[in-house]
Amino acid sequence: MKNLKTNNTNTPKSNCFYIGTKNLHLSDQKFIQNELLPITNLTDISQICGGKEKLFLLNQKRELFVFEPQSDISKNLKNKKVEVDLKNDDIVKIEHGFFNGLFLTRAGRVYFVGTKNSQNIVPLLKLDGLKPKKAYLVEYFTQKDILIQKIICTSLNNYFVSSDNVLYGNGYNTGGQLGNGDTESLKLPIKISDNVSDVYGSTRANHAHFTTFNNELKGHGTNSSGQLGIGGTDSSVLVPTVVQGISGNDIKRISMPLSASIILFKNGTILTSGSNDANGRRSSSSVFLPVPQLKDVYCINIESSQYTTIILSRENEIYALNTGGRPFQKIQSSILPKNIKYELSGSLDNVFLYPYTGHSSQNTDFLNLLNSGKFSDYTLKDLNIKIHKSFVECRLNKIPIGEIENTLNEYKDNKLKIHSFLKWVYTGFIEDYPFTKEVCEKLQIDDFGMKSFDDDLLLLYNDEDTKNFNLLVKVDDEDEDDEDEDEQLEEIPIHKYILYVRSGLFKEMFNQIDENANSVTDYSGKTIESLEILTKYFYTNKIEITADHDPQLVIEELNDAMEYYQLNENCNLSYLLSLLLKK
């Protein structure tokens, strides 16, 4: 395999990079190259993607910006903010096609951003007066009370997977992109298939794949190069067709340059189909085949622009593929540290790499906990900062708090940097990447960039030894003697600060009772099963109902619990419950 050397021999200060067109001039194709280039004027990135002329940037505050990459972003980005009133909702995913883009909110709503320069792409009921920096709710779904859990934009199409696992699509249909059996383009979404578990596409592709809960992979749309992998090269495949020999459950991601499809499997292997210009092999194929150069590479992520496909290995090595029949080639560079987990995303002509920081609705709650110091059980004396020992130790791989304190004391003259580090500990957001990396290296936390905030909170939930509070729940006992006035109570162990920060009810209650109290009785009338699920949700932001539960009762009680316990208005509990109701 040929190694590609870059001019970058040292790790730059930037932690966001791109591969593709030099200087991000999207129409300047002659600068296409296999070189990892830093972006020094974009920071605080949560997600980034783009199309022919525009880029979307979602920052870690969940603010969305749309801009032309040729401009001086660092000076005028604030003027590029998208106008939208989400009414306490939260953006969780952004997508961009050739001309326009979409974003998905935590509550399952979809918004359109762009213009009507290609009307068949715009999934709106009204097209008059569209402003390029304003978001518009896709009312087609809200009017039908349809919640969306997944969005994908391809070149001239949008795809949506609903909470009840129905795939919808709109846009151009000249190549069968809508999978409805004809070639009439449609502005408003139509139903494509039931029982869909995921959908895949990319900014320049004119075809799409989706997986089903029956373990199938299906494809439809343009297929002149065999890019669907279904065993033929019909120019258009008008209905979803099963890809033989591929297990849909085993797929992690599918990336699509213009005339190929590249599957990344959960076991780290790669299969490709389509034109030899883009499939990583020296010959075209209408079925999925392995790439010889990658047989010994464990791949963890993949993304394509129309000209470049990037594959990231478990060791953070980068393999690049340009069109023109060239094989995958390893980029020789020391830019990417091995202990940082990177996200990949694409625009029309570029692939972006940036640290994966994660996001969860409880992040704001825990930031408030850090700032308030409420129910802190440890003080960093030299820094005069109150923290929560069990929380911090859990997030930092169970390193003893004394060792953590000694390391932070080395930076006691720069409390702003220390606060940025603690902000990462309490939220999962990397605000000051170089400093966070430096502190973690001193603490010998090699995987800090790959740490999952949600996984750490699950560990905290399972840490029974550090739980310092009990929620007492009255249990109905049918055999109980009516003359016995003693209440039968069961205990739900929990960290006191979790109740305080996640529930407005308990926050008010704790402000009125003895701060040293180690228990409180719940009078909501909810069953012990529902409250155990709710308290676990306080940690993990997930709802888990097993075969031992009465699902209808649990859903009803948790739905009532949102108001009773005064949960954070940004929480996603109602959305999670709506998904359960659809099953």
Side-chain angles (χ1 to χ4, degrees), residues 44 46 59-62 90 355 357-433 435-440 442-443 445 448-449 451-461 463 466-469 494-504 506-508 510-511 515 537-541 566-571:
D44 194 28
S46 177
N59 67 15
Q60 292 181 20
K61 296 179 181 179
R62 321 311 286 177
D90 190 15
T357 58
H359 178 71
S360 190
S361 71
Q362 75 265 56
N363 295 135
T364 302
D365 291 335
F366 288 113
L367 180 59
N368 292 336
L369 182 66
L370 169 64
N371 293 334
S372 70
K374 189 70 173 178
F375 297 119
S376 162
D377 56 359
Y378 195 88
T379 300
L380 302 173
K381 295 180 181 178
D382 289 351
L383 304 170
N384 194 28
I385 298 176
K386 294 181 177 181
I387 62 171
H388 305 81
K389 179 175 177 290
S390 56
F391 187 95
V392 172
E393 287 184 339
C394 187
R395 284 282 289 138
L396 298 179
N397 295 358
K398 291 293 185 177
I399 296 173
I401 195 65
E403 184 177 341
I404 297 170
E405 182 175 19
N406 290 337
T407 301
L408 292 179
N409 281 343
E410 298 178 23
Y411 306 94
K412 62 183 179 181
D413 293 331
N414 197 332
K415 288 188 177 181
L416 286 177
K417 284 187 172 294
I418 291 175
H419 189 270
S420 73
F421 174 78
L422 291 174
K423 182 177 179 181
W424 166 71
V425 172
Y426 275 75
T427 69
F429 293 158
I430 303 175
E431 186 176 74
D432 187 332
Y433 171 82
F435 182 75
T436 302
K437 178 175 182 291
E438 181 178 333
V439 174
C440 285
K442 289 191 175 184
L443 292 172
I445 301 175
F448 91 94
K451 284 178 67 63
S452 166
F453 186 85
D454 292 342
D455 288 347
D456 287 343
L457 265 290
L458 179 59
L459 292 176
L460 183 65
Y461 168 79
D463 189 357
T466 64
K467 291 179 178 177
N468 58 355
F469 198 78
I494 193 169
H495 294 88
K496 192 174 186 178
Y497 55 78
I498 293 290
L499 280 179
Y500 174 82
V501 79
R502 295 288 271 153
S503 166
F506 288 113
K507 181 176 291 186
E508 292 180 5
F510 290 156
N511 288 332
E515 186 165 339
Y537 167 81
F538 285 164
Y539 290 83
T540 66
N541 226 40
Q566 302 171 33
L567 302 192
N568 187 320
E569 61 186 1
N570 291 323
C571 81

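Not less than 6.0 angstrom separates the ring centroid of Y411 from the ring centroid of F421. For F469 and F510, the ring centers sit closer than 6.0 Å to each other.
Looking at residues two or more places apart in sequence or on another chain, you find no side-chain contact (heavy atoms from CB on, under 4.5 Å) involving K415. In terms of the salt bridge (charged side-chain N to carboxylate O under 4.0 Å, His left out) criterion, residue partners of E393 (sequence neighbours excluded) are, by chain and number, K389. Every residue two or more places apart in sequence or in another chain that forms a side-chain contact (heavy atoms from CB on, under 4.5 Å) with S390 is listed here: L460, T466, H495, Y497. Remark: K442 pairs with E410 by the salt bridge (charged side-chain N to carboxylate O under 4.0 Å, His left out) rule, at least two apart or across chains. A search for salt bridge (charged side-chain N to carboxylate O under 4.0 Å, His left out) contacts involving K374 returns nothing, not counting sequence neighbours. By the side-chain hydrogen bond (donor to acceptor under 3.5 Å, both in side chains) test, K417 pairs with D432, sequence neighbours left out.
No side-chain donor-acceptor contact under 3.5 Å links Q566 to the backbone of K507. In terms of modelled atom types and a separation under 3.5 Å, the side chain of S376 and the main chain of H388 share no donor-acceptor contact. Judged purely by atom type and a 3.5 angstrom limit, S503 has no side-chain atom pairing as donor or acceptor with the backbone of L499. A donor-acceptor pair is defined here as one N or O able to donate and one able to accept, closer than 3.5 Å; no such pair exists between the side chain of D463 and the backbone of L459. The main-chain N or O of W424 is found under 3.5 Å from a side-chain atom of R395 such that the two form a donor-acceptor pair.
The local environment of NZ in K381 is sparse, with at most 12 non-hydrogen atoms from other residues, nucleotides or ligands closer than 6.0 Å.
Residues L457 and F391 meet the side-chain proximity criterion, which asks for heavy atoms closer than 4.5 Å.
One distance of note links CZ of F506 with CG of N511; it measures 13.5 Å at 0.5 Å rounding.
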